[in-house]
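One structure is given below, encoded as structure tokens.
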Amino acid sequence: KQEVTQIPAALSVPEGENLVLNCSFTDSAIYNLQWFRQDPGKGLTSLLLIQSSQREQTSGRLNASLDKSSGRSTLYIAASQPGDSATYLCAVTGNTGKLIFGQGTTLQVKP
Amino acid sequence: GAGVSQTPSNKVTEKGKYVELRCDPISGHTALYWYRQSLGQGPEFLIYFQGTGAADDSGLPNDRFFAVRPEGSVSTLKIQRTERGDSAVYLCASSPFLTANTDTQYFGPGTRLTVL
């Protein structure tokens with residue numbers, strides 16, 4: 001059974017810092033890996049999707065990497081801003097397209 | 001509308017009651033997913049529809065939970081004899097399901113269910 005783990009559970013940093021969020025998964029047979037952002041009381045917004053054949057994806061200040069063989073992904077956020085404060089969820093896609101999520105990392109960026 | 005919508009946004013009910021949660025997916029999306037998110041946890045998969053049929057219902061916790069999508073668009077998640085442990089945010093997502101490895105799911109805002 002696929003299990004996804006995210007470390008740390010919570011993170012607080014001052015504005016401007018670069019930071020890394022970690023995600024690990026137990027079964028390397030995935031179609032893709034996605035990072036989502038969730039704001040309080042809101043749904044999920046997809047940030048980056050890395051196909052199983054890819055190593056990384058970038059969007060603005062965000063960079064996500066994937067090492068399928070070791071079952072790991074990282075989300076790198078450069079020059080963090082208070083508006084980046086949210087919960088970040090990692091999810092892998094299994095058969096039928098269903099997403100299997102980690103527990104999330106709650107990020108607070110202090111002005 | 002442009003996105004996935006869910007109604008109601010909040011639902012408070014008493015233990016033992018029946019509830020229905022509605023999801024309107026993005027027009028033209030053939031795939032529809034239901035997830036349940038408990039406080040402090042990531043969403044957990046419940047059921048997946050491809051068109052009108054449930055292609056994967058392996059995440060439904062027990063037979064009190066049932067979902068339908070009769071015309072291949074709107075879906076309703078039905079919970080019978082609700083229990084306090086059913087309290088959670090129920091999320092719906094849709095996707096065009098073009099290819100399994102490039103598909104992105106678009107999520108609705110969720111329905112917060114509270115069972116007293």
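Lettering of chains follows the sequences in order, A, B, ..., and the numbering in each one begins at 1.
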Practice item. Measure the acute angle between the ring planes of A/F101 and B/Y35, then classify it against the limits of 30° and 60° as parallel, tilted or perpendicular. Key: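 Taking B/Y35 first and then A/F101, their aromatic rings stand perpendicular (interplane angle over 60°).
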Exercise for review: Let me know if B/S9 has heavy atoms under 4.5 Å from chain A in its side chain, its backbone, both or neither.
Suggested key: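 Neither; nothing under 4.5 Å.
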**Study point:** Interchain contact, B/Q105 with chain A, by part (heavy-atom threshold 4.5 Å)
**Key:**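 When you check distances to chain A, atoms from both the backbone and side chain of B/Q105 fall under 4.5 Å.
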Review point. Top residue by heavy-atom pair count (under 4.5 Å) with chain A, among B/P109, B/A55, B/A31?
Key: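 The answer is B/P109.
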Review point. Using a cut-off of under 4.5 Å for heavy-atom pairs, which of B/P43, B/G108, B/G110 has the most such pairs with chain A?
Key: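 That would be B/P43.
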Review point. Below 4.0 angstrom, N of the basic side chain to O of the carboxylate: do A/K1 and A/D27 qualify?
Key: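 A salt bridge is absent here (no side-chain N lies under 4.0 Å from a carboxylate O).
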**Study point:** Qualifying side chain to side chain donor-acceptor pair (under 3.5 Å) pairs with a residue from residues 17-26 of chain A, counting only residues at least two apart or across chains
**Key:**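 Residue pairs passing side chain to side chain donor-acceptor pair (under 3.5 Å), neighbours aside: A/Q2-A/T26, A/N18-A/Y76.
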Which region of [X], side chain (C-beta onward) or backbone (N, CA, C, O), has a non-hydrogen atom less than 4.5 Å from a non-hydrogen atom of chain B, or is it both or neither?
X     : answer
A/Q6  : neither
A/K42 : backbone
A/L89 : side chain

**Study point:** Criterion side chain to side chain contact (heavy atoms under 4.5 Å, CB included) on A/E56 and A/N63, from CA distance to verdict
**Key:** CA-CA 7 Å; A/E56 67 176 344; A/N63 175 276; 3.1 Å; yes
Point to revise | Centroid-centroid distance, B/F107 to A/F36, less than 6.0 Å | key: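 Between A/F36 and B/F107, which both carry aromatic rings, the centre distance is below 6.0 Å.
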Review point. Quick one: does B/R69's side chain get under 4.5 Å of B/L32's, heavy atoms only?
Key: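 Yes; the side chains approach each other to less than 4.5 Å.
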Review point. So which of A/T106, A/T87, A/I100, A/L44 has the biggest tally of heavy-atom pairs under 4.5 Å with chain B?
Key: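 If we count pairs closer than 4.5 Å to chain B, A/L44 comes out on top.
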